[in-house]
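Working notes for the structure below.
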Amino acid sequence: VVAFVSSAVAETKTWVGKTQQNTGMWHASRDANWSPSGAPKDGDDIVFDATSAAGNNCYWDLDITPASWTQTSDFTKTVTFRTEFEEYDGTAPKFVKITGDVALNGGKWTHVKLGNVYDILRQYRLYFVIGGNLTVGADATITAEGLGYTWYYNAISGGKASVSSGGAVGGSHGGLGSWMKNVDDP
């Protein structure tokens, strides 16, 4: 009797960001952008460190559940997520789930800008489900500044912003809206 047993072993995957997609972005789904080679899978530990800082920004286009996520203070690049609101029936995930801890000590998290090359009618956001602790260090940023609806028009409801924000964003989801800059801790 011969039996074949397959066991998936979680790995630590470190971003190297060396292979560009034809869209001009460095996709997380490209095997060559990770060390060891191969895109991360469910249960893997994700790392962005000094090695990653020598590469390029990361466009997170994976629909997986990592065990943990670490960005060291040596990482100075951006990770851009493509997550959609539930009312959109697109191909992007609705949220990113990480079963364990997230330590952001460097770099930036943001989301895809409305009106990018994929679809101008989708509405993107940052939405994470984190099973452990979230730590955001002094050299890390989570931001969506400048990534909402344009100041004049909301593609969903047609709502218009109440003020011109000089090219900034802030159209509301229904009716008049306004805009404001990110608020920092005192």
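Computed from a predicted structure; not experimentally measured.
In terms of the side-chain contact (heavy atoms from CB on, under 4.5 Å) criterion, residue partners of Thr110 (sequence neighbours excluded) are, by chain and number, Thr78, Thr80, Thr143, Leu147. In terms of the side chain to side chain donor-acceptor pair (under 3.5 Å) criterion, residue partners of Trp69 (sequence neighbours excluded) are, by chain and number, Gln71. Asp101 is linked by a side-chain contact (heavy atoms from CB on, under 4.5 Å) to Asn133, counting only residues two or more places apart in sequence or in another chain. Residues satisfying the side chain to side chain donor-acceptor pair (under 3.5 Å) criterion with Lys77, sequence neighbours excluded, are absent altogether. Under the salt bridge (Lys or Arg N to Asp or Glu O under 4.0 Å) criterion, Lys13 pairs with Glu11, not counting sequence neighbours. Partners of Ile130 according to the side-chain contact (heavy atoms from CB on, under 4.5 Å) rule, which considers only residues two or more places apart in sequence or in another chain, are Val102, Phe128, Leu134. Qualifying side-chain contact (heavy atoms from CB on, under 4.5 Å) partners for Val129, counting only residues two or more places apart in sequence or in other chains: Phe95, Lys97, Tyr127.
Evaluation of the salt bridge (Lys or Arg N to Asp or Glu O under 4.0 Å) test over residues 34-48, restricted to residues two or more places apart or in two chains, returns none.
When all heavy atoms of Ala10 and Gly43 are compared, the pair lying nearest together is CB-O, 3.2 Å. Heavy atoms only, all atoms of each residue included: Thr99 and Ala67 are closest at OG1-CA, 3.3 Å. Taking both residues in full, the closest heavy atoms of Asp139 and Ser73 are given as OD2-CB, 4.0 Å, listed atom of the first, atom of the second, then distance. The nearest pair of heavy atoms linking Gly106 to Ala140 is N-CB, 3.7 Å. Residues Ala39 and Ala28 approach most closely at CB-O, 3.7 Å, considering heavy atoms. Across every non-hydrogen atom of Asn33 and Lys18, the tightest pair is OD1-N, 2.8 Å.
Tracing side-chain contacts under 4.5 Å through hydrophobic residues (I, L, V, M, F, W, Y), one reaches Val96 starting from Trp15; they form part of the same cluster. Residues Ile46 and Ile98 share a hydrophobic cluster, clusters being chains of Ile/Leu/Val/Met/Phe/Trp/Tyr side chains in contact below 4.5 Å. Under the 4.5 Å side-chain heavy-atom criterion for ILVMFWY residues, no single connected hydrophobic cluster contains both Tyr59 and Val16. Cluster membership for Trp26 and Leu62, using ILVMFWY side-chain heavy atoms within less than 4.5 angstrom, is shared.
Proximity of Thr51 to Ser35: side-chain heavy atoms (C-beta onward) are nowhere separated by under 4.5 Å.
Between Phe48 and Trp34, the two ring planes are perpendicular [angle over 60°; tilted spans 30° to 60°].
Once rounded to the nearest 0.5 Å, the distance linking OG of Ser29 with CD1 of Ile64 reads 10.5 Å.
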Report task. Would you please test Ser52 and Thr14 for side-chain contact (heavy atoms from CB on, under 4.5 Å) and show each step? Result -> CA-CA 7 Å; Ser52 311; Thr14 303; 4.0 Å; yes

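When ring centroids are compared, His111 and Phe81 stay outside the 6.0 Å threshold.
The closest donor-acceptor contact from the side chain of Asp31 to the backbone of Ser37 lies at 3.5 Å or more, if one exists at all.
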